[in-house]
Amino acid sequence: MKTLRLTVVTPHATVFDDTVDAVVAPLSDGWRGVLPGHASFIARLLRGEILFRVGGKERVVATLGGAIAVDREGVTVLTGVAAVDCPLENLEHAISEESQQLAALEREAEKHFDRVYRQMARTFNHRRRYP
């Protein structure tokens with residue numbers, strides 16, 4: 001049986017890169033299935049789950065959207081974030097938790113920067129008064 005290569009790439013890593021039997025993806029004009037030998041195209045990928053089949057077993061890649069390119073070699077997905085074998089709801093929940101943690105870290109860093117800037121201002125003002 002013929003196969004095609006599915007590659008899912010984010011800015012941080014290649015999330016998936018292997019041969020598969022078929023791919024079904026949510027595109028802006030509807031769901032599109034891709035089998036080996038499919039005609040080439042590039043399209044906008046919507047938020048959702050990309051379904052793919054390997055050896056008769058269905059798997060998923062959850063993504064928040066991006067771009068998909070199909071050519072003779074296979075399917076390439078470019079996306080900001082993706083997770084293999086993870087429901088979309090779980091991916092969104094993980095992103096939400098990470099965003100909250102980053103916001104807390106940013107608030108903590110701002111407190112430290114504020115202390116440093118105040119100390120620098122006190123030091124600078126002290127030196128101006130007493131040459």
Side-chain angles (χ1 to χ4, degrees):
M1 177 178 203
K2 284 189 165 187
T3 60
L4 63 147
R5 179 162 291 286
L6 172 61
T7 306
V8 180
V9 181
T10 71
H12 302 290
T14 299
V15 176
F16 186 86
D17 186 16
D18 205 352
T19 56
V20 300
D21 302 326
V23 176
V24 179
L27 306 182
S28 59
D29 61 346
W31 287 85
R32 174 86 49 102
V34 178
L35 294 170
H38 195 287
S40 298
F41 71 88
I42 297 174
R44 180 175 161 233
L45 179 69
L46 296 181
R47 172 188 160 276
E49 295 175 346
I50 299 168
L51 309 172
F52 63 97
R53 189 173 45 241
V54 179
K57 182 181 176 192
E58 283 194 10
R59 296 178 65 189
V60 299
V61 174
T63 179
L64 297 183
I68 184 170
V70 175
D71 60 23
R72 278 197 237 162
E73 282 79 46
V75 178
T76 302
V77 173
L78 305 174
T79 181
V81 63
V84 178
D85 296 327
C86 173
L88 181 60
E89 295 80 27
N90 292 3
L91 177 63
E92 290 174 331
H93 182 72
I95 290 170
S96 175
E97 284 182 353
E98 282 192 34
S99 295
Q100 290 173 1
Q101 290 174 353
L102 285 173
L105 288 172
E106 287 175 354
R107 288 190 298 274
E108 188 67 26
E110 284 296 322
K111 289 179 192 175
H112 291 291
F113 284 128
D114 190 46
R115 282 188 220 131
V116 168
Y117 291 139
R118 281 195 309 250
Q119 182 60 42
M120 287 172 58
R122 281 193 292 264
T123 302
F124 179 74
N125 288 334
H126 177 71
R127 288 184 180 163
R128 282 182 76 182
R129 281 190 234 148
Y130 307 104

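Because only heavy atoms are used, hydrogens play no part in the values below, and waters and symmetry mates are left out as well, while side chains stay in.
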**Joint cluster assignment, I68 & V24, ILVMFWY side-chain distance < 4.5 Å** = no

**Nearest atoms (heavy-atom pairs only) where G48 meets P26** = CA-CG, 4.3 Å

**Prompt:** Shared ILVMFWY cluster between V23 and V15, side chains joined below 4.5 angstrom?
**Reply:** yes

**Message:** I'd like to know if the side chain of T79 and the backbone of G65 have a donor-acceptor N/O pair within less than 3.5 Å.
**Reply:** yes

**Asked** Does R59 make a cation-pi contact with F16 (under 6.0 Å, within 45 degrees of the axis)?
**Response** no

**Asked** Once you round to the nearest 0.5 Å, how far does CZ of R53 lie from CG of L35?
**Response** 7.0 Å

**Request:** Would you check if I50 and L45 make a side-chain contact, meaning some heavy-atom pair closer than 4.5 Å?
**Result:** yes

**Fill in**
d(E110 CD, Y117 OH) to nearest 0.5 Å is 8.0 Å

**Request:** Report the distance from atom CG of L64 to atom CG of L46, rounding to the nearest 0.5 Å.
**Result:** 11.5 Å

**Asked** In terms of heavy-atom contacts, does CZ of R72 have more than 12 from other residues, nucleotides or ligands at under 6.0 Å?
**Response** no

**Request:** State which residue, out of V70, V20, D71, D21, fulfils the side chain to side chain contact (heavy atoms under 4.5 Å, CB included) condition with L4.
**Result:** V20

**Asked** Looking at G80 and T10, what are the two nearest heavy atoms and their distance?
**Response** O-CB, 3.8 Å

**Prompt:** Do you know the tightest heavy-atom contact between K2 and P36?
**Reply:** O-CG, 3.4 Å

**Asked** What is the minimum heavy-atom distance between F52 and V61, and which atoms define it?
**Response** CE2-CG2, 3.4 Å

**Message:** On a heavy-atom basis, which atom in L27 and which in A43 lie closest, and how many Å separate them?
**Reply:** CD1-CB, 4.0 Å

**Request:** Flag yes if V54 and V84 sit in one hydrophobic cluster, no otherwise; membership is Ile, Leu, Val, Met, Phe, Trp, Tyr, and two members link when side-chain heavy atoms are under 4.5 Å apart.
**Result:** yes

**Request:** State yes or no: do V8 and F41 share one hydrophobic cluster built from I, L, V, M, F, W and Y residues joined by side-chain heavy-atom distances below 4.5 Å, directly or via other members?
**Result:** yes

**Fill in**
d(T63 OG1, E49 CD) to nearest 0.5 Å is 10.5 Å

**Message:** Quick check for you: to the nearest 0.5 Å, what is the distance between D18 atom CG and T3 atom OG1?
**Reply:** 9.0 Å

